[in-house]
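To keep things clear, I will list the structure first and then write my remarks on it.
Along the sequence shown, residues carry numbers from 1.
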Amino acid sequence: MTPMKNYQAHQSRVTMILFVLELEWVLSTGQDKQFAWHCSESGQRLGGYRTSAVASGLQFDVETRHVFIGDHSGQVTILKLEQENCTLVTTFRGHTGGVTALCWDPVQRVLFSGSSDHSVIMWDIGGRKGTAIELQGHNDKIQALSYAQHTRQLISCGSDGGIVIWNMDVERQETPEWLDSDSCQKCDQPFFWNFKQMWDSRKISLRQHHCRKCGKAVCGKCSSKRSSIPLMGFEFEVRVCDSCHEAITDEERAPTATFHDSKHNIVHVHFDATRGWLLTSGTDKVIKLWDMTPVVS
């Protein structure tokens with residue numbers, strides 16, 4: 001190998017880097033909370049932007065020249081890049097933990113973000129619907145994401161060693177917002193902070209829970225059941241109120257993802273769609289090659 005060029009891009013360790021062949025750009029982020037892009041032909045710095053936290057995810061759309069930056073605060077920043085300047089388009093936040101991986105589908109124009117909160121969120125960027133679909137299928141933080149465009153399947157890998165293949169060619173539903181209430185919205189029993197109702201009704205106060213299907217605030221007695229809700233992204237069983245549990249059909253409980261054990265803590269993946277091969281590397285210093293054609297087809 002022959003060294004061609006050095007880029008003095010950051011004041012601290014580089015965290016993410018992308019080479020955009022169509023534009024001859026090198027995009028990078030660093031621990032100095034800076035995003036920068038350089039011309040790969042001249043080596044000239046074209047511009048930069050300061051992020052709110054250290055970036056941990058980086059994706060780029062060649063057609064619109066939008067860059068997506070995920071950071072440790074849980075925020076995703078979208079910038080519009082020009083030849084020598086950039087403009088902030090928007091920022092959005094849906095994770096309770098830091099963003100650990102990003103994946104962009106330029107065909108359907110959706111962005112997938114993985115987080116240390118164990119979840120993946122699909123953001124509908126191109127549809128302009130503001131839709132955010134949550135996917136819950138890991139027991140530890142998400143480490144890497146990849147997308148098979150031809151089959152519309154998302155591959156997520158986590159610190160739990162799990163490889164989850166999500167079928168994104170189904171009509172998924174957004175998870176509801178959790179409702180606020182001082183008493184159970186099913187039996188009207190007061191929650192523990194509602195001293196007035198507790199005194200007036202001479203009832204013992206209860207702890208508040210939320211039904212994952214309808215979002216209502218309920219007590220433990222009214223939400224004693226558990227169920228998977230795959231179309232809402234809950235592949236594992238979660239708390240639901242008794243009425244929602246009765247309404248969920250066996251067809252609605254049908255899984256929309258398959259689960260596989262890689263037997264190592266995955267930190268990086270690369271998927272070759274032409275061969276159907278998945279390359280994973282882990283903290284155990286092992287690189288594994290997987291034939292994904294039986295599950296990604």
Side-chain angles (χ1 to χ4, degrees), residues 6-40 43-106 109-123 125 132 135 138 140-147 154-159 265-270 281 283:
N6 289 329
Y7 302 89
Q8 296 300 324
H10 297 277
Q11 300 298 317
S12 187
R13 184 172 67 87
V14 175
T15 56
M16 304 291 295
I17 190 166
L18 283 178
F19 174 53
V20 184
L21 177 62
E22 295 87 345
L23 300 171
E24 295 290 346
W25 284 355
V26 176
L27 315 180
S28 62
T29 59
Q31 284 192 332
D32 55 2
K33 300 182 182 179
Q34 288 287 335
F35 162 74
W37 72 104
H38 291 72
C39 174
S40 61
Q44 178 185 356
R45 179 185 173 97
L46 300 177
Y49 181 86
R50 183 169 180 81
T51 57
S52 60
V54 176
S56 47
L58 184 63
Q59 290 287 284
F60 184 71
D61 182 59
V62 176
E63 182 182 349
T64 62
R65 297 189 181 184
H66 284 134
V67 64
F68 307 93
I69 306 170
D71 62 43
H72 286 304
S73 73
Q75 180 173 286
V76 177
T77 302
I78 303 180
L79 303 174
K80 169 77 171 180
L81 300 189
E82 302 297 345
Q83 188 61 33
E84 294 182 356
N85 62 76
C86 71
T87 54
L88 175 64
V89 177
T90 188
T91 61
F92 46 85
R93 183 191 299 269
H95 292 288
T96 57
V99 174
T100 52
L102 289 179
C103 183
W104 170 245
D105 174 19
R109 308 200 68 74
V110 295
L111 180 72
F112 299 96
S113 61
S115 171
S116 57
D117 63 9
H118 310 177
S119 72
V120 178
I121 296 180
M122 184 190 82
W123 306 89
I125 305 294
L135 305 174
H138 288 273
D140 208 333
K141 69 177 178 178
I142 311 299
Q143 295 278 52
L145 298 171
S146 190
Y147 188 67
L154 176 70
I155 304 170
S156 63
C157 303
S159 295
N265 182 343
I266 297 174
V267 294
H268 181 74
V269 301
H270 176 74
S281 60
T283 55

Decide whether His10 and Asp32 meet the rule of one side-chain donor and one side-chain acceptor closer than 3.5 Å.
yes
Walk me through whether Ser52 and Asp71 qualify under side-chain hydrogen bond (donor to acceptor under 3.5 Å, both in side chains).
CA-CA 8 Å; Ser52 60; Asp71 62 43; 3.0 Å; yes
Restricting to non-hydrogen atoms, name the atom on Ser159 and the atom on Asn265 that form the minimum distance, rounded to 0.1 Å.
CA-OD1, 3.4 Å
Return the orientation label for the His38 and Tyr7 ring planes: parallel under 30°, perpendicular over 60°, tilted otherwise.
perpendicular
Does a side-chain heavy-atom distance below 4.5 Å link Val54 with Thr15?
yes
Check the surroundings of atom CD in Gln11: do more than 12 heavy atoms from other residues, nucleotides or ligands lie under 6.0 Å from it?
no
Ser115 side chain vs Gly97 backbone, donor-acceptor pair below 3.5 Å
yes
Checking His95 against Asp117 for the side-chain hydrogen bond (donor to acceptor under 3.5 Å, both in side chains) test, could you report, in this order, the C-alpha distance in whole Å, the side-chain angles of both residues, the deciding distance, and whether it holds?
CA-CA 7 Å; His95 292 288; Asp117 63 9; 3.3 Å; yes
Crowded around Gln8 CD? As in, over 12 foreign heavy atoms under 6.0 Å?
no
Nearest non-hydrogen partners of Ala36 and Arg45, listed with the distance
CB-NH1, 3.3 Å
So, for Gln75 and Val99, which heavy atoms are closest and what is the spacing to 0.1 Å?
O-CG2, 4.1 Å
Please round to the nearest 0.5 Å and tell me the distance separating atom SG of Cys39 and atom CD of Gln83.
7.0 Å
Close side-chain approach of His66 to Ile125, heavy-atom, < 4.5 Å
no
If you apply the rule side-chain contact (heavy atoms from CB on, under 4.5 Å), what do you find for Phe68 with Asp61, and how did you get there?
CA-CA 8 Å; Phe68 307 93; Asp61 182 59; 4.3 Å; yes
Nearest heavy atoms of Gly70 and Leu102, plus distance in Å
N-CD1, 3.4 Å
Locate the shortest heavy-atom distance separating Ala101 from Ala144; write the atom from each residue and the value.
CB-CA, 3.9 Å
Below 4.5 Å, heavy atoms only, C-beta onward: do Leu46 and Leu81 meet side chain to side chain?
no
To the nearest 0.5 Å, tell me how far Phe112 CZ sits from Ile121 CD1.
12.0 Å
Sub-4.5 Å side-chain heavy-atom contact between Val67 and Trp37
no
Can you find a pair of side-chain heavy atoms, one from Tyr49 and one from Thr77, that are under 4.5 Å apart?
yes
As an exercise, state the distance from CZ of Phe60 to CG of Leu79, rounded to the nearest 0.5 Å.
10.5 Å
Examine distances only and state if a side-chain atom of Thr29 and a backbone atom of Phe35 form a donor-acceptor pair shorter than 3.5 Å.
no
With rounding to the nearest 0.5 angstrom, report the NZ to CZ distance, Lys80 to Arg65.
7.5 Å
For the student: nearest non-hydrogen atoms of Ile69 and Ala55, plus distance
CG2-CB, 3.7 Å
Just by modelled atom types, is the Lys33 backbone N or O under 3.5 Å from a matching donor or acceptor in the Thr51 side chain?
yes
Distance col, row Thr91:OG1 vs Ile78:CD1, nearest 0.5 angstrom, shows 9.0 Å
List the steps, then state whether side-chain contact (heavy atoms from CB on, under 4.5 Å) holds for Asp140 with His118.
CA-CA 5 Å; Asp140 208 333; His118 310 177; 4.1 Å; yes
What I'd like to find out is whether the side chain of Val120 reaches to under 4.5 Å of the side chain of Leu154, using heavy atoms alone.
yes
Just wondering, do Phe92 and Thr90 contact through their side chains at under 4.5 Å, heavy atoms?
yes
Rounded distance (nearest 0.5 Å) linking atom SG of Cys103 with atom CG of Leu145:
6.0 Å
Is the shortest heavy-atom distance from the side chain of Ser119 to the side chain of Ile142 under 4.5 Å?
no
